[in-house]
Amino acid sequence: LHAFSPDGNLKWVFGTGNRSVLRRLVAPHLGDLVEHSLLAIASDGAIYVGSGDAVHAISADGKRRWEFAVGGQSSTAALAADGTIYVTSRNNTLYALTPQGKLRWSYEMRQGRFSAGPAAPAVGADGTIYAGDFGNYLHALTPEGKPKWSVRAQEEGHAVALALAG
């Protein structure tokens, strides 16, 4: 991860150090391509990014805050108003993490095929968390991790992106 100032000067570089064993053995020339998720930036400047099988929290000045292993490629983080960080993982699990990197709860979603990286969850205005799984289901959970409902979204494929209307 590289951070630049508004005038284009490099401020800092952060290396996650995560490269999957499979990638190193099968395709080392590809480097970390497709092993990173997009960034999520909290109001305090904390940066959350998935790399390899972990989520990393990085301070605004490029220092590691914490790392949390999620057992497979992780999605882009969704941030809730209370500071909770939600990520899904290629192991078909939704994780709720505290701003300090501790597990608040996890929810194992239905099993299915693994054809691409996980979709980022979305958080509704009422705190409901929405997450798609590899079994073609869309799940809605309370902020405490209790299921509200689950519905089959499609026959094939899986959710690649979620968006909520205001």
Side-chain angles (χ1 to χ4, degrees), residues 1-6 9-23 30-109 114 116-134 138-147 158-166:
L1 177 63
H2 294 74
F4 295 89
S5 64
N9 290 315
L10 181 65
K11 291 172 63 174
W12 49 261
V13 176
F14 180 87
T16 63
N18 272 337
R19 292 186 64 200
S20 71
V21 172
L22 180 62
R23 169 132 351 252
L30 294 178
D32 286 337
L33 185 65
V34 303
E35 287 195 23
H36 292 84
S37 61
L38 298 175
L39 303 175
I41 302 175
S43 60
D44 67 354
I47 302 162
Y48 302 102
V49 63
S51 175
D53 62 354
V55 176
H56 301 268
I58 306 158
S59 65
D61 61 355
K63 305 288 188 241
R64 178 185 309 275
R65 286 190 175 177
W66 50 261
E67 178 180 327
F68 185 87
V70 293
Q73 179 185 358
S74 64
S75 69
T76 300
L79 306 177
D82 68 357
T84 302
I85 301 119
Y86 297 103
V87 294
T88 55
S89 174
R90 196 167 179 91
N91 68 1
N92 237 8
T93 301
L94 170 65
Y95 295 92
L97 307 174
T98 68
Q100 296 76 33
K102 304 295 181 203
L103 180 65
R104 186 166 280 161
W105 52 261
S106 64
Y107 177 76
E108 187 175 342
M109 297 183 282
F114 295 87
V123 182
D126 65 352
T128 299
I129 303 98
Y130 301 92
D133 69 20
F134 289 109
L138 178 63
H139 304 268
L141 294 96
T142 68
E144 296 76 33
K146 304 296 181 211
H158 70 275
V160 293
L162 300 173
L164 303 176

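- With sequence neighbours excluded, no residue satisfies side chain to side chain contact (heavy atoms under 4.5 Å, CB included) with Ser43.
- Applying the side-chain hydrogen bond (donor to acceptor under 3.5 Å, both in side chains) rule to Tyr95 yields the partners Asn91; only residues at least two apart in sequence or on another chain are considered.
- Applying the salt bridge (charged side-chain N to carboxylate O under 4.0 Å, His left out) test to Asp61 and every residue at least two apart in sequence or in another chain returns nothing.
- Of the possible polar contacts, one joining the Trp66 side chain to the Pro99 backbone as a donor-acceptor pair under 3.5 Å is found.
- Contact record, Met109 with Leu94: CE-N, 4.1 Å, taken as the closest heavy-atom pair.
- Each of Ser74, Ser75, Ser89 was evaluated against Val55; a single residue qualifies, Ser74, per the side chain to side chain contact (heavy atoms under 4.5 Å, CB included) test.
- Residue Ala57 comes nearest to Tyr48 through the heavy atom pair CB-CE2, 3.6 Å, listed as atom of the first residue, atom of the second, then distance.
- Partner of Tyr86 under the side chain to side chain contact (heavy atoms under 4.5 Å, CB included) criterion, chosen from Val123, Leu97, Leu141: Val123.
- Residues passing the side chain to side chain contact (heavy atoms under 4.5 Å, CB included) test with Ala60: none are found, sequence neighbours excluded.
- For the residue pair Leu138 and Gly132, the shortest heavy atom distance occurs at CD1-N, 4.2 Å.
- Here the shortest heavy-atom pairing between Ala131 and Thr88 reads CB-CG2, 4.0 Å.
- In this structure, the side-chain hydrogen bond (donor to acceptor under 3.5 Å, both in side chains) partners of Arg65, at least two apart in sequence or on a different chain, are Asp44.
- From Thr98, atom OG1 reaches atom CZ of Phe68 across 9.0 Å, with rounding to the nearest 0.5 Å.
- Under the side chain to side chain contact (heavy atoms under 4.5 Å, CB included) criterion, Leu1 pairs with Trp12, Phe14, Leu39, Ile47, Ile58, not counting sequence neighbours.
- With sequence neighbours excluded, the residues that form a side chain to side chain contact (heavy atoms under 4.5 Å, CB included) with Ala122 are Leu162, Leu164.
- The heavy-atom pair separating Gly15 from Arg64 by the smallest distance is O-NH2, 3.9 Å.
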